[in-house]
Protein chains: 2
Amino acid sequence: MATSTDTEPQPRLPLTRRRILRAAIDLADAEGIAAVTMRRVAGELGVEAMSLYHHLDNKEDLLDGIVEELIGEIETELGGFRVDVGVEDWQPRLRHIILTARRVMLRHRWAPSVIETRTKMPPGLVRYFEMILGIMIEGGFSNDLAHHAMHALGSRALGFSQELFVPASTTEKAASDAMFAAMMSELPYMVGMLSAISHDDPDSTLGWCDDQTEFEFGIDLILDGLEARRLAG
Amino acid sequence: MATSTDTEPQPRLPLTRRRILRAAIDLADAEGIAAVTMRRVAGELGVEAMSLYHHLDNKEDLLDGIVEELIGEIETELGGFRVDVGVEDWQPRLRHIILTARRVMLRHRWAPSVIETRTKMPPGLVRYFEMILGIMIEGGFSNDLAHHAMHALGSRALGFSQELFVPASTTEKAASDAMFAAMMSELPYMVGMLSAISHDDPDSTLGWCDDQTEFEFGIDLILDGLEARRLAG
DNA sequence: ACCTGAACACCGTTCAAGT
DNA sequence: ACCTGAACACCGTTCAAGT
């Protein structure tokens, strides 16, 4: 009876690259990217760290593979990376794609840091950007404007918000009056902005920010600007 | 004669927090941020790793301190963080500030990764964003629009280009014809764009990109969009 | 072919000890 | 007060060995 009801229910599922990558992603979701060490990932699979090296070159290869998996999730949500030839409404289509990518990234909040540290362009990401480029070209962009647009979008094309931090005070509701007075002399504009915003919307706590609203404001600023330059050029 | 001409020319310069931070920055500039370990930084100062802990809480404190030094460099180049009350030409002033910050970041190419990993907002950065906010408010922004603008600028306000990678092919001049043909079938829009751009400018190598031009295109897209919304609102 | 255990060269950090 | 050496609990990775 010891063998059938052991700690490992599945006696021996064969280790594969895919299974390792999914285990690493689950681990990162649960405990953060810092928990993703070769030893910990192996442990989650009931195996020794060194066994992973039969399916991966090294840790960089693990991280590269994770990125490919994430791009796969975006592709699945979109039903494939498709550029419809002759379709001209580039702006709503691009907006939808970027917001879809953003949903995937929000499921894996550690993803930006992993993607940003890749030294070689992951093939899946090349295909993603090819789709974005294709939609702009079909939408009437010149090659030159499309090129600028790719640079201007940057990592925002994947739904990254690219914000450094929410200013300290905005994360804490109800800063004390004493602290507020102290800040007032040093940061008059910041304090003025935060109190104006909280007055305008009595439901909002002081300085509370809606990430989704702010992301959409930023992306529309860029997409509107590109449309204006397309019409002008 | 042995003591005066030893390996250490300065017999004993006292260790200070500032000296440690500058040594860490110099090391990062020379060998990359990965070289910045407590042991290596100490080594550069002719001291044991554990001595650093008398001037720093831990490695996070070292990285926080490095960020403060970098912001200090921006402040020096700008001659201080100043908001001139009543000055309305916000756009050229903000443009100048951001391009100045960018020059500092280009001197320390590892800086974005360090700044992005800070968990608490460095005080110097709060003052930097207070200046940016002040310039917008004095320039006629509503508090609401200024708030959106801060989010939309994000890390670009510090001169970060926020690009994921230059597409692989654009970093290599003169991809072989065979490779080009292979890419053509998979990435028609990318290949089309790159050849159009290289034709337009015969001096440019295939897909060569001017980082500064692209950064300025992107930042002007955002600043122009903000001005349009300011005038409309 | 696939997995393992011991080992190597690193990390950040603690602690007791030196001056 | 300031610095040190040994040690601890981790890393990624290599290598020779097991089945």
Side-chain angles (χ1 to χ4, degrees), chain A residues 3 6-28 30-67 110 113-114 116-120, chain B residues 3 6-28 30-67 110 113-114 116-120:
Chain A
T3 49
D6 234 337
T7 50
E8 296 290 320
Q10 302 296 85
R12 186 117 300 225
L13 234 172
L15 213 52
T16 63
R17 180 181 170 88
R18 190 93 203 296
R19 232 159 66 77
I20 296 171
L21 298 177
R22 293 315 309 185
I25 289 172
D26 290 347
L27 185 56
E31 302 185 33
I33 194 66
V36 178
T37 67
M38 299 300 271
R39 283 169 167 89
R40 282 283 275 121
V41 172
E44 294 295 316
L45 293 161
V47 110
E48 298 298 314
M50 297 71 209
S51 304
L52 304 183
Y53 286 86
H54 278 273
H55 303 90
L56 300 167
D57 290 342
N58 46 41
K59 189 171 181 183
E60 284 300 287
D61 191 25
L62 172 70
L63 296 175
D64 287 346
I66 286 174
V67 172
W110 44 269
S113 68
V114 175
E116 279 165 4
T117 54
R118 294 315 81 212
T119 52
K120 52 188 179 308
Chain B
T3 49
D6 235 336
T7 50
E8 297 290 317
Q10 302 299 83
R12 187 115 301 221
L13 234 171
L15 214 51
T16 63
R17 180 180 169 90
R18 190 92 204 296
R19 233 161 64 78
I20 296 171
L21 298 178
R22 294 314 310 184
I25 290 171
D26 290 346
L27 184 56
E31 302 185 31
I33 193 66
V36 178
T37 67
M38 298 301 270
R39 284 169 166 88
R40 283 281 274 120
V41 172
E44 294 295 316
L45 293 161
V47 112
E48 296 299 311
M50 298 69 210
S51 304
L52 304 182
Y53 286 86
H54 278 273
H55 303 89
L56 300 166
D57 290 343
N58 48 40
K59 188 171 182 182
E60 284 300 287
D61 191 27
L62 173 69
L63 296 175
D64 288 345
I66 286 173
V67 171
W110 44 269
S113 68
V114 175
E116 279 165 5
T117 55
R118 294 314 82 211
T119 52
K120 51 189 180 308

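Computed from a predicted structure; not experimentally measured. Order of the sequence lines sets the chain letters (A, B, ...), proteins ahead of strands, with each chain counted from 1.
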inquiry  = Rounded to whole Å, please give me the gap between CD in A/Glu48 and P in D/dG12.
reply    = 14 Å
ask   = Could you state the CE-P distance from A/Met50 to C/dA1, rounded to the nearest angstrom?
value = 22 Å
query = Any donor-acceptor pair under 3.5 Å joining the side chain of A/His54 to the base of C/dC2?
reply = no
key: Check against side-chain contact (heavy atoms from CB on, under 4.5 Å), B/Asp26 and B/Glu44   = CA-CA 10 Å; B/Asp26 290 346; B/Glu44 294 295 316; over 6 Å; no
key: Distance below 4.0 Å between B/Ser51 side-chain N/O and D/dC2 OP1 or OP2   = no
key: d(CG, B/Leu56; C1', C/dT14) in whole Å   = 16 Å
request  = Could you tell me whether B/Met38 contacts a base, only the sugar-phosphate backbone, or nothing, with contacts defined as non-hydrogen atoms closer than 4.0 Å?
outcome  = sugar-phosphate
request  = Look at the side chain of A/His55 and the backbone N and O of A/Ile20, then say whether any donor-acceptor pair between them is shorter than 3.5 Å.
outcome  = no
request  = Quick one: look up who D/dA6 pairs with, Watson-Crick or G-U, both distances under 3.5 Å, and put none if it's unpaired.
outcome  = C/dT14
Candidates B/Asp61, B/Asp57, B/Asp64 - the one meeting salt bridge (Lys or Arg N to Asp or Glu O under 4.0 Å) with B/Arg17 = B/Asp61
query = Rounded to whole angstroms, how far apart are NZ on A/Lys59 and P on C/dC10?
reply = 18 Å
key: Residues B/Leu62, B/Leu52; criterion side-chain contact (heavy atoms from CB on, under 4.5 Å); working and verdict   = CA-CA 9 Å; B/Leu62 173 69; B/Leu52 304 182; 6.0 Å; no
task = Send over the distance from B/Asn58 CG to C/dC11 P, rounded to a whole Å.
result = 17 Å
task = By nearest nucleotide on DNA chain D, pick out whichever of A/Ala34 and A/Asp57 is the more 5' one.
result = A/Ala34
ask   = Under the side-chain contact (heavy atoms from CB on, under 4.5 Å) criterion, do B/Val114 and B/Arg118 qualify, and how do the steps go?
value = CA-CA 7 Å; B/Val114 175; B/Arg118 294 314 82 211; 4.2 Å; yes
remark   = Rounded to whole Å, the CG-P distance (A/Leu52 to D/dT14) equals 13 Å
message = I want to confirm an ordering. Mapping A/Ala49 and A/Arg39 to their closest nucleotides on DNA chain C, which one lands closer to the 5' end?
response = A/Ala49
task = Take the protein atom CG of A/Leu62 and the nucleotide atom P of D/dC11, then report the distance between them rounded to whole Å.
result = 14 Å
note = Between CG of B/Leu45 and C1' of D/dT4 the distance, given in whole Å, is 16 Å
key: N or O in side chain of B/Tyr53 less than 4.0 angstrom from C/dT14 OP1/OP2   = no
request  = Pick base, sugar-phosphate or nothing for B/Thr37, based on heavy-atom distances below 4.0 Å to the nucleic acid.
outcome  = sugar-phosphate
